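Below, chain A is the first sequence line, B the second, and so on; all start at residue 1. Keep in mind the model is a prediction, meaning the values are calculated, not measured.
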Amino acid sequence: MTEHSPDAPAQRYDAALADTIETTWQARWKADGTYHTPNPAGTLTEGPANGPADLASREKLFIMDMFPYPSGTGLHVGHPLGYISTDVYARFKRMTGFNVLHTMGYDAFGLPAEEHARATGEHPRANTEANIANMSRQLARLGLGHDDRRSIATTDEAYYRWTQWIFNQIFNAWFDETQGKARRIEELEAEFESGVRTPADGSVWAELSAGERRSLVNTYRLAYVSEAPVNWCPGLGTVLANEEVTAEGRSDRGNYPVFRRPLKQWMMRITAYTDRLLDDLDLLDWTDSIKTMQRNWIGRSEGAHVDFRVPTASADDGEVATIRVFTTRPDTLFGATYMVLAPEHPLVENLTTEAWPEGTKDAWTGGASTPGEAVTSYRRRTSQMSDLDRQEHKDKTGVFTGSYAVNPVNDASIPVFIADYVLMGYGTGAIMAVPGQDERDWEFAEVFDLDIIRTVQPPADFDGDAFTGNGPAINSGFLDGMQIDEAKSSIIEHLSEIGAGEGTITTKLRDWLFARQRYWGEPIPIVFDEDGNARAVPDDLLPVDLPELIDWAPRELDEDSEPEPPLGRADGWTTVELDLGDGVKTYKRDLNTMPQWAGSCWYYLRYIDPLSDDVVANPISEKYWMGGDNPTEGGVDLYVGGVEHAVLHLLYSRFWHKVLFDLGHVSTPEPFKRLINQGYIQAYAFTDDRGMYVEASEVEEVSGAWVRNGEPVNREFGKMGKGLKNSVTPDDMYRDYGADTLRLYEMFMGPIDQDRPWETKSVVGSQRLLQRIWRNLVDEETGELTIAEIPIPDDLNRVLHRTIDVVRRDMDALSFNTSIARITELNNELTKLEGPTPHAVADALVRMIAPLVPHVAEELWSRMGHDDSVVYADFPIADPSQLVDDEIEIPVQIKGKVRSRITIAADADETSIEAAALADPRIVELLAGAEIRKVIVIPGKLVNIVA
RNA sequence: GCCCGGAUGGCGGAAUUGGCAGACGCGAUGGAUUCAAAAUCCAUUGUCCGAAAGGGCGUGUGGGUUCAAGUCCCACUCCGGGCACCA
């Protein structure tokens, strides 16, 4: 803390006084439980010791921040931006009659702790707990009004017990397509037993052994083990979800290469929820950009499957294969002049002929003497390319397989190619190529000299290649003349009739790969029986504790290796004796842990009832806080966090919530009703002549140039953080200005959702405002109040009530920067006032600043003689009679330019306003007898004369 | 390439959604106070012409609608973000 200057008045509001005030009130709040939020039932029904008695019966408001990962580097001033916003809003709402739930937790499992531990040799738990302690200290110093009884860390056993419980709920559920919702697995077994439903694989339930039944049922579960190509990241020793792999084919964390290979892994059936995840976005008050990102990620597209037969060379003795393609443009089928399969497509071997057929063009062969040679060499070439190379290599390449397929609508014989521009992972891994209506196909057709048939008539002025717009069908038999939509439905109907295809929907969303071969995560609560069938650990045996491993570090492995879960090294833990209803037997534990995202999927639910040990959350409290009385409007009322979670966290969380909703554990279909993405704090960063970042705090400006240690440096601009070496810590701000000043400055910088550049030199402006407010209420020399019970001058009273009116509205709209501007204006009026400040103005002012700067507000409130906390004081309400004037001044324009002003009665009618405007001496002079063509009068606003 | 945002003084940003552009703050300039400095207080601060009164211009660019456009429409430029050979 900066020392109080010996020359300054004893009671000046400076960093030293702020520090005293802030630490005093933080201690008081803690002692009084000021932010203890009462639940309606179950645990935590107690409210604050000095708060209103009726809190629990008030309307609720559930406000959340995206909880942080407890990083070892501590906070910089960019981190708490969102937390301050939610705190100000929560405090405002408390003062306007709401019971507000606001707390903070830590997302403490996951790779970074383990990577840090790997580097330092410290156990992840010790490191994580130290980081949490440090971050909690830094955040507490900001004066955030959190109910600390509700704080959780995802690494707490009492917390991950319920993460595992939710896993079991998901494991013990299946998705009923006809009802469009998840149901309990017992209901599936009952349906098989009674014969209402027959197993999809054709087996007969009654003839199956217990083990076979278990194995069959396992294939229906929402959490299931599958052997499928997954993202294997040897550098991290674990497999990763699609969402955790970058476009460059590397791990999101650590940037290690990722390889696709088939492995047995836990999956979650998120694809069952595709339609609901899309449709329910409409229920949410989120920005369009986040909704669009989710829609793009899910990637639903409607189209058709079309089957192309590939007859044998002698035509009449059957066929080699049937190639199924997915297309969003079945209407262009008549323009399909060739086909392309992904190089990895399983039919490629069948389709590759012994020799090049008659009519093979040179360009199609890739220079090889046989199709087999061409295909083998092309496939080898593709498999050696990284995903990145494959993306950058936009020139179309490919080879002919030697086979011809038959277009089902016109019997045209079209060549079948393999090319890397068709991806195995989307649709069916095969396409019908329609160069006339598809740019990629057009490019390929040009390179390989293939036919191009337009099947949609482009407009006369169209001079491009492929035409992808709407227009009438041409060269398309019975479709000719139809617009795209009509042509699509007609051709789909036709294909169904001739058995060559059907309408279908494809999505990019894949099931969620849920297992990680890491130590620092929740153990998956599954054991395997002697048949190898997965069995859930019974709920009453949860949590499955994470064993205290000494040798917990993952092995760094090469590409061809198998994952080696660290939990496999936990002696005495990997097997367990259990009675799962058929006697005590020995089971093998699942050795995987859950991904980072698991704990954050449901933490809002535990905030509601963190101490309950018999249910995940008391149903009455859950319904109260989530707003389940009106489910379609329900959910967390405000969720603030970074845009980087637009897909991963927010998609997974919605998915888990929907499963819990289907199973009756939560009362709303969506977890987060309203979402705001706060902007980032940015700052100047500096590089030396080698391009390396240097400590921004050591750079000085010398006559317009940027210099560090006498050396010139380059100035850049970017997100504040360790990487750019441009961090400013909140601790520095507490020392130099105090927490209230930091809060005020961050809220004043701009709108909550906008990025904003940090400027330490501007922070002083916010401190000055607090000093001026303080000085208007307190004598700086003596500390005596300069407030008196005197009448408020009329003008000041009007300013006061207008300020109250606007601040109330702006705070409600989370527009804190403009709220502060209005409060500043009011305070500037007080500064001009001779003599003491009228009590009623001081009272309203202190209440209005309380959400923004709670410590100094509490101090002033207390000095003004209140025993209770300002936290639950009523926010002022404007007197409507003070919002209207008897007389107002309005501008008079001539041809849209302000030329004069007239003062008229506020309720004057159009005629009298017009008359007053035309009688104004200045207007008369300017018009100088010119002909008046029109006069526009907007009562209460302005007059515009057209002359 | 496609999809979202955005562009307003030296800087951060306001503008109740078509009605006085630049609120509020930072910075800057001048003044008061002080032995001096800091702090504080007062004044000025979009730009150009003008001694002033006053006037011209002005919200990325070019057009348009309107009595009136930062705001609406059309075409573009630049910046930020997301997706991307997704059939």
Could you work out which one of [options] sits closest to the side chain of [X]?
| X | options | answer |
| --- | --- | --- |
| A:Glu825 | B:C24, B:C85, B:C41 | B:C24 |
| A:Asn944 | B:G82, B:C3, B:A68 | B:A68 |
| A:Leu942 | B:G19, B:A15, B:C26 | B:G19 |
| A:Ser301 | B:A87, B:C24, B:C67 | B:A87 |
| A:Gln771 | B:U40, B:C24, B:A87 | B:U40 |
| A:Arg768 | B:C20, B:G56, B:G27 | B:G27 |
| A:Arg12 | B:C67, B:C20, B:U40 | B:U40 |
| A:Phe326 | B:G13, B:A87, B:C4 | B:A87 |
| A:Lys941 | B:C3, B:G25, B:U16 | B:U16 |
| A:Lys897 | B:C85, B:C24, B:C57 | B:C57 |

Six-ring centre of A:Tyr680, A:Lys719 cation under 6.0 angstrom, axis tolerance 45°: yes
Which whole number of Å gives the distance between the [atom1] atom of [N] and that of [M]?
| N | M | atom1 | answer |
| --- | --- | --- | --- |
| B:C49 | B:G1 | P | 44 Å |
| B:A43 | B:G25 | P | 12 Å |
| B:G5 | B:G54 | C1' | 43 Å |
| B:C26 | B:U77 | C1' | 31 Å |

Under 4.0 Å from OP1 or OP2 of B:C4: is there any side-chain N or O of A:Asn296 that close?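 No, no such contact exists.
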With the threshold set at 4.0 Å, does a side-chain nitrogen-carboxylate oxygen contact exist between [X] and [Y]?
| X | Y | result |
| --- | --- | --- |
| A:Asp331 | A:Lys488 | no |
| A:Arg295 | A:Asp282 | yes |
| A:Asp795 | A:Arg798 | yes |
| A:Asp812 | A:Arg808 | no |

Please work out if A:Arg822 contacts a base, only the sugar-phosphate, or nothing of the nucleic acid, heavy-atom cut-off 4.0 Å.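 Answer is base: heavy atoms of A:Arg822 come under 4.0 Å of a base.
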How would you label the glycosidic angle of B:U16: syn (within 90° of 0) or anti?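 The base of B:U16 is oriented anti (glycosidic angle more than 90° from 0).
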For B:G31, decide between syn and anti, treating a glycosidic angle within 90° of 0 as syn. anti
